[in-house]
Structure formats: C-alpha cells, structure tokens
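Here the structure is laid out as structure tokens; the discussion comes afterwards.
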Amino acid sequence: MEKPRNVSGMRDHLPEAMLLRQHIMNTLTRVFERHGFEPLSTSVVEYDEVLSGKIGDEEKLIYRLDDNGGKHRLALRYDQTVPLARVVAQYQNQIQFPWRRYAIGQSFRGERPQKGRYRELWQADVDIVGSSSPIADAEVIALLTDALTELGFRGFTTLLNHRQILSGIARVSGLDDQAAAGVYRSIDKLDKIGPERVREELERNGVSAAQAEQIMSLVLLEGEPEEVLKALSDGLAGDERAMEAIANLREVLSYIASMGVPAESYTVAPRLARGLSYYTGTVFEVLDADRSIGSLLGGGRYDELIGQFAGRSIPTVGFAFGIERLHDLMTERNMGPRRSTTAQVFVTIFPEHSADALALANELRKQGLNVVTALDSKQKLGKQFQEADRKQIPYAVVLGSDEIAKGEVQVKNLRDGSQRSLPRDQVAAILKAELEA
RNA sequence: GUGGCUGUAGCUCAAUGGCAGAGCGCCUGAUUGUGGAUCAGGUGGUUGUGGGUUCGAGCCCCAUCAGCCACCCCA
C-alpha cells in the first residue's frame with residue numbers, strides 16, 4: 001500500500017482550517033469591494049518567458065515545467081503581480097484606467113519550507129493600475145489598514161519608505177549600484193540582527209567605516225514621520241531624486257491622515273528595503289504586533305513593470321496579503337471563527353418516523369438553514385446527539401410521535417443543553433434569528 | 001539552495017543497545033426518546049521509509065521523506 005504523504009511545503013487544510021481560511025478570504029473580499037476594487041483571476045500557469053526577468057535574482061525559486069512535450073517552457077506563477085502586468089498589457093483596450101483590481105489565489109515558490117513560509121502560498125493581491133497619483137498610494141494603505149482591522153488585528157505597524165530615498169542614501173554615500181544592492185540587503189535585516197551587526201556586515205562587504213556611519217545615521221532614523229522626513233532631507237540635500245521622493249512620501253502621508261488611517265499604525269522607516277526589483281517608488285510592509293512571523297503583507301509602487309509587456313509605462317501601486325501568515329497567526333491566537341462544520345441543525349431520526357424527519361430537514365433547508373440528518377435511524381438517540389455534539393452543531397431537533405401529533409418539534413440547544421418544544425412551522429424562523437444574534 | 005534539530009499509538013510524550021509504555025482519545029455498557037460529567041470494561045504500534053552494524057536496534061551508522069530552526073529570501 002502506498003503510504004499517503006503530501007509534498008513538502010504544500011499544505012492540506014481540513015474543514016476547521018478551511019473555514020477559517022474562507023473567513024479570511026471573505027473578509028478581505030468584502031473590504032476590497034467596499035473600496036470599489038474588481039476581481040480578476042488568471043491561471044497559475046504562465047509561459048516561462050512571461051515570468052523571466054521580472055522579479056530580480058529570485059528566479060531560481062520559480063517552478064518550471066514542460067508542456068507535455070510541447071515546445072514551450074511553462075512556469076507556475078511566483079506572485080500575482082507579474083500576471084497582472086501581463087493581463088493589463090494584453091487587454092489594454094478592454095480595461096478602463098485607473099483600474100482597481102484584486103486577485104486571491106495561490107502562487108508557488110521553491111523555497112525551503114518553514115513556519116510561515118510555504119511552497120504553495122495564497123495571496124490576496126490588490127493594485128491600482130494606471131495612476132501615478134499619491135492618492136492611489138494612500139488609498140491602498142488605507143485599504144490594508146481597513147482589512148487588517150476588520151480581520152481583528154491590532155497593534156500592527158505599516159513601515160513606509162521610498163525606493164529613491166534608499167538609493168539616495170547609497171548615492172550620497174558614494175556607492176555604485178552593485179554595492180548599493182548589497183547595502184539594501186544588509187539594512188533590511190536591521191530589525192532582526194540589530195545595528196551593530198548590520199554595520200559589521202556592511203564593512204565586511206567593502207563599505208568604508210565613514211560610509212557605514214553615514215548610511216546608518218540615515219537608515220536608523222525613527223520617530224514622527226515629519227521629523228524623519230526632515231532629517232532625511234537634511235541628510236540627502238543635493239540629491240534631486242531623493243528630494244522628490246521625500247516630497248512624494250510627504251504627500252502620501254497627508255492623504256493617509258485624511259483617509260482616517262490612525263497615526264499609530266504607520267511609520268516612516270528608511271531601513272525598509274524589500275527585495276523585488278520591480279519597485280520604483282513608495283514601498284511598504286506591515287509587521288504584526290509581536291513580529292513573530294515576518295511581514296503580513298508587502299508592496300509598493302512599480303511604474304515600469306507593466307511597460308515591459310505594454311510598451312508604454314503604466315504606473316501602478318499595490319501589495320499582497322500573505323494569507324498563509326494571516327491564517328497561521330489567527331490560528332495561534334484563536335482569532336476568527338472556530339467552527340468545524342457548516343451545519344447549524346441536526347435532525348434526529350426514529351425508524352418509524354424517518355419520512356417525517358427527512359421532510360422536516362427539507363422544510364428547514366428551504367428556509368435557509370444548514371441542516372444535516374442522522375443517517376442510521378436504528379442508531380440510539382444518544383448516539384445521534386453525540387454525533388451532532390462532536391461536530392459542534394448548535395441545535396438538534398427531535399420529531400417523534402408526540403411531536404408529530406401536536407405539530408411541534410423538540411429543539412435542543414447543544415451548547416447549553418436547554419430544550420423546548422416549538423411549533424413546526426415556526427422553528428426555522430426562530431432558529432435563524434437566534435443563530436444570527 | 002546551505003547548515004542544524006526532530007520524527008515512537010488518533011493526539012501529547014516516556015522507554016541505559018536487552019519483553020514498546022503512560023495520559024488523553026476512541027469503542028462497549030450503566031433497562032426501551034437525549035450528547036458533554038462520572039463509573040466499569042475494552043481497543044490501541046511494521047518506532048516516518050529503505051538499507052547497514054550487532055547475539056540483539058526505537059536507541060548506533062548511511063540514505064531518503066517530512067516538520068521545525070538559522071541562513072538566503074520573502075507573504
């Protein structure tokens with residue numbers, strides 16, 4: 001017999017986990033649509049050349065496959081952003097810009113799996129395509145704040161930065177592009193390994209002590225957003241692109257405030273680098289309150305990626321929620337619904353009245369309740385109750401000779417054990433009202 | 001992709017190279033239409049998988065698979 005096992009980094013989700021995931025996705029969808037975003041779905045399979053050259057040096061993590069002997073190399077999508085860029089370019093004349101779209105689905109990355117890092121990962125991706133307005137940047141940040149709050153997260157922090165602030169820091173320190181890339185990688189670890197070890201790593205990689213000092217002084221800036229921006233513009237004075245970036249970020253921040261995003265939920269963090277090479281403007285990332293699991297989401301502005309398919313630049317800003325991480329954290333903390341079944345009512349069956357019980361189930365379903373019936377009428381009533389109880393079904397109903405004669409049903413609340421008789425034609429309405437309360 | 005830790009009953013975990021165990025769970029019952037609590041009885045294993053060393057392997061060695069941790073990177 002073949003021993004059953006699943007592929008490393010790919011997870012199965014039994015009903016209790018799946019019900020939580022559906023809750024997460026339904027909540028996110030509701031918030032996205034509240035902000036007027038429209039759904040998009042694309043295939044998980046793309047031509048290899050669509051994905052190649054878009055995400056930087058992480059291409060070794062892309063799963064590639066052959067096309068059943070066909071002549072094209074195929075690949076599983078690595079994220080939802082590159083497929084979005086492909087779709088935008090391919091259907092340009094059917095899309096009205098600016099386009100707000102969301103997509104929820106899985107991507108694949110050939111990483112070494114770990115908690116919060118999987119090879120099949122679901123993401124909820126949200127983008128505003130075709131606008132360079134800082135209001136668009138602010139809008140997606142307001143949206144993510146809204147969504148996390150609605151899911152029940154508190155105390156999270158959105159780190160905000162701008163690619164041209166980072167590269168400005170590299171420029172004023174006199175680093176070339178290649179050295180700069182290494183510097184970004186190092187400072188991205190600040191929260192994890194601390195400033196001293198980052199400084200060591202910089203110097204080990206050929207950055208002079210004076211350069212490291214200058215970089216660290218800018219990158220470690222913290223405090224009120226306006227103070228940080230002021231200090232950055234002092235430190236980066238003379239670098240025109242950095243000055244523009246600071247002005248742009250300042251504008252985004254003012255819109256965020258207007259949109260009601262609480263000031264304590266975000267901060268300007270010049271240390272935030274982010275790996276994907278396609279970002280060109282604002283970048284942001286959300287850290288959970290206790291920071292146990294990496295970032296909950298990440299994103300930013302990428303004004304040139306779509307141009308690689310469209311032949312003209314189409315400015316876009318967006319981000320992706322990591323549903324796996326939301327799921328893991330919510331499971332650990334008992335957030336969200338903790339159900340193991342969708343059933344709301346269990347109808348017991350006596351052998352001599354099975355027809356009545358099945359008819360009752362049908363009546364209740366027609367009125368919108370989720371109903372299961374016992375399957376073995378010869379099973380003792382106690383067993384039938386036990387089945388309902390173990391499934392955590394809220395109500396069990398009993399329909400026997402006495403009840404049939406009186407036009408009633410016995411309704412037992414399995415959570416508190418209480419029991420009462422209700423008129424058969426009113427049961428559904430009463431239970432529905434109680435379940436919604 | 002690199003380095004490390006772990007893998008024993010459905011679950012959580014014991015077992016000096018010498019008979020593989022406990023708690024929980026699960027099943028049956030405590031008189032006919034009432035679950036959870038209690039009590040009585042019962043059920044539990046190719047020790048992840050495949051090799052090797054040894055008189056003898058859950059324990060040592062090799063390989064492999066999976067999970068976890070640190071890198072790397074990211075959601």
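Just so we're clear, the structure is a prediction, and the values are computed from it rather than from any experiment. We name chains A, B, ... by the order of the sequence lines, and we start the count at 1 in each one.
For the pair A/Lys189 and B/C72, the criterion of a side-chain N or O lying under 4.0 Å from OP1 or OP2 is met. Distances shown here put every side-chain N or O of A/Lys412 at or beyond 4.0 Å from the OP1 or OP2 atom of B/G33. At B/C72, none of the side-chain N or O atoms of A/Arg185 fall inside 4.0 Å of OP1 or OP2 (strictly under the cut-off). Contact annotation: A/Gln114 does not reach the phosphate of B/G67 (side-chain N/O to OP1 or OP2, under 4.0 Å). Between A/Ser8 and the phosphate of B/G67, there is a side-chain N or O to OP1/OP2 separation shorter than 4.0 Å. OP1 and OP2 of B/A70 both lie 4.0 Å or more from every side-chain N or O belonging to A/Lys192. For A/Arg390, a side-chain nitrogen or oxygen approaches OP1 or OP2 of B/C26 to under 4.0 Å.
Applying side chain to side chain contact (heavy atoms under 4.5 Å, CB included) to A/Asp288 and the options A/Leu326, A/Leu148, A/Leu329, A/Thr157 leaves one that passes, A/Leu329. For the side chain to side chain contact (heavy atoms under 4.5 Å, CB included) with A/Leu19, the qualifying choice from A/Thr342, A/Leu14, A/Ile24, A/Thr341 is A/Thr342, the only one to do so.
Both tests pass for A/Lys412 against the ring of A/Phe385: distance under 6.0 Å to the centre and angle within 45° of the axis.
If you check B/U16 for Watson-Crick or wobble pairing at under 3.5 angstrom, you find it has no partner at all. In this entry B/C5 has B/G67 as its Watson-Crick or G-U wobble partner, both defining distances falling under 3.5 Å.
At a threshold of 4.0 angstrom between heavy atoms, the contacts of A/Arg11 with the nucleic acid are absent. At the heavy-atom level, A/Phe350 lies under 4.0 Å from base atoms of the strands shown.
Distance, A/Ile323 CD1 to B/C74 P: 20 Å, rounded to whole Å. Remark: C1' of B/C74 and CD of A/Gln80 are 15 Å apart, rounded to the nearest angstrom.
Not counting sequence neighbours, A/Glu304 has no partner by the side chain to side chain donor-acceptor pair (under 3.5 Å) test.
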